[in-house]
Amino acid sequence: MRKLAAGRLVIASHNEGKVREIRMLLAPFGMAPVSAKALDLPEPDETGTTFVANAMIKARSAADQSGLPALADDSGLVVEALGGEPGVYTANWAETEDGLRDWKLAMRKVEDRLRALGPSVSRSAHFTCTLALVWPDGSDLFCEGRVEGTLVWPPRGKKGFGYDPVFVPLGHTETFGEMDPSRKHAISHRAHAFARLVELAF
């Protein structure tokens, strides 16, 4: 399995929350990460129907355009009672008519769908994360992680991003939005995926 040498690496994302988390995870490994946004790389169309496909699309695009190894994350909230939605379309649920993303709107959509199913509906959910690492020569690898939990309402906490304020990980009482970032990083879906990436690439 190919190993990742210390040095520059593109984090193939324009999502500042994801970039911040991935940067913290990379910190111990001698990497010098730069975001796709900082390099002014365009966001590719995520035309895949799986987390793996979309992560690969983003990483390959960033590696091709920058000439650097690129690490992409595709992650989402999977709600059992909603048949796995929003899933791979997690970010789409936050899109507004003006092309921006409103995560309060997205959380409300999930809650409204659950309430429409009745008071006894299961609120079980999980976050899943796929990390794809692509080198400029076309070599690649991917790994996955997930964290189980329960959805709550109303949203709680302002420390996370996305759906974090409504997600309580299994075995905890705080939402990801209430948790100190270091605690979240230790148990999150992204942390589980990254632990596997370390095994494979470092």
Side-chain angles (χ1 to χ4, degrees), residues 4 7-78 86-96 99-103 106-107 127-136 138-147 158-165 167 176-177 181-182 184-185 188-198 200-202:
L4 185 63
R8 296 189 77 199
L9 171 81
V10 179
I11 302 174
S13 177
H14 287 241
N15 181 316
E16 294 298 334
K18 282 187 181 183
V19 169
R20 186 166 52 249
E21 286 193 3
I22 294 172
R23 196 183 297 276
M24 289 180 68
L25 290 167
L26 287 169
F29 298 97
M31 305 307 300
V34 58
S35 72
K37 184 177 182 179
L39 293 177
D40 200 28
L41 302 181
E43 294 184 90
D45 292 331
E46 296 179 36
T47 56
T49 57
T50 67
F51 292 111
V52 173
N54 282 332
M56 282 292 184
I57 287 170
K58 290 183 282 190
R60 196 168 301 282
S61 174
D64 288 346
Q65 293 180 76
S66 69
L68 297 168
L71 179 64
D73 161 305
D74 200 59
S75 53
L77 178 69
V78 177
V88 72
Y89 304 107
T90 287
N92 296 20
W93 283 36
E95 289 182 357
T96 61
L100 300 177
R101 288 179 179 168
D102 182 343
W103 292 103
M107 289 185 282
F127 275 123
T128 188
C129 169
T130 296
L131 292 176
L133 177 61
V134 174
W135 284 265
S139 301
D140 61 46
L141 63 86
F142 73 90
C143 44
E144 298 176 285
R146 63 188 278 172
V147 59
K158 298 181 179 179
K159 295 180 181 178
F161 64 96
Y163 296 85
D164 283 355
F167 184 84
F176 271 166
S182 62
K184 177 189 172 183
H185 296 332
S188 75
H189 50 308
R190 195 162 287 113
H192 290 308
F194 195 82
R196 178 60 178 156
L197 181 71
V198 169
L200 296 175
F202 288 95

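Values reported hereafter were calculated over all heavy atoms of this structure, with side chains retained and with hydrogens, waters and symmetry mates removed. Because the structure is a prediction, the values reported are computed rather than measured.
Of all heavy-atom pairs between V10 and A36, the closest is CG1-N, 4.0 Å. R190 and I22 make their closest contact through CD-CG1, 4.0 Å (heavy atoms, listed as atom of the first residue, atom of the second, distance). Heavy-atom minimum distance, G87 versus F51: C-CZ, 3.5 Å. Minimum interatomic distance between A193 and G145 (heavy atoms only, all atoms of both residues): CB-N, 3.6 Å. The two atoms that bring A132 and A59 nearest to each other are O-CB, 3.6 Å, heavy atoms only. Taking every heavy atom of both residues into account, Y163 and P86 meet most closely at OH-CG, 3.9 Å.
With a 4.5 Å cut-off on side-chain heavy atoms, D73 and C129 count as touching. Looking at heavy atoms from C-beta onward, Q65 lies in side-chain contact with P42 at the 4.5 angstrom threshold. The side-chain heavy atoms of K158 and P165, taken from C-beta on, include no pair separated by under 4.5 Å. No side-chain heavy atom of F194 sits under 4.5 Å from any side-chain heavy atom of M24. Proximity of S188 to F176: side-chain heavy atoms (C-beta onward) are separated by under 4.5 Å at one or more points. When side chains are defined from C-beta on, V88 does not count as touching T49, because their heavy atoms never get closer than 4.5 Å. In this structure the side chain of L200 never reaches within 4.5 angstrom of the side chain of L133, judged on heavy atoms. Side-chain contact between D74 and T50 is absent, with no heavy-atom pair separated by less than 4.5 Å.
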Where do L25 and L197 land on the side chain to side chain contact (heavy atoms under 4.5 Å, CB included) test, with the steps shown first? CA-CA 11 Å; L25 290 167; L197 181 71; over 6 Å; no
Step-by-step side chain to side chain contact (heavy atoms under 4.5 Å, CB included) determination, H185 to E21: CA-CA 7 Å; H185 296 332; E21 286 193 3; 3.2 Å; yes
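A salt bridge does not link R196 to E144: none of the charged nitrogens lies less than 4.0 Å from a carboxylate oxygen.
Looking only at distances, a side-chain donor or acceptor of D164 sits under 3.5 Å from a matching main-chain atom of F161. The backbone N or O of V34 sits nowhere less than 3.5 Å from a side-chain atom of R8 that would complete a donor-acceptor pair. Remark: side-chain polar atoms of H189 are not paired, donor with acceptor, to backbone N or O of L77 under 3.5 angstrom. Without hydrogens or angle criteria, N54 side chain to G48 main chain gives a donor-acceptor distance under 3.5 Å. Not a single donor-acceptor pair under 3.5 Å links the side chain of K159 to the backbone N or O of P181.
The line from CD1 of I57 to OG1 of T47 is 3.5 Å long, rounded to the nearest 0.5 Å. Between the CG atom in L100 and the CD atom in E95 there is a gap of 10.0 Å [rounded to 0.5 Å]. In this structure, OG on S139 lies 11.5 Å from CG on L4, to the nearest 0.5 angstrom. Once rounded to the nearest 0.5 Å, the distance linking CD of E46 with OG of S61 reads 10.5 Å. Rounded to the nearest 0.5 angstrom, W135 CH2 and L9 CG are separated by 9.5 Å. For the atom pair OG (S13) and NZ (K37), the distance works out to 9.5 Å, reported to the nearest 0.5 Å.
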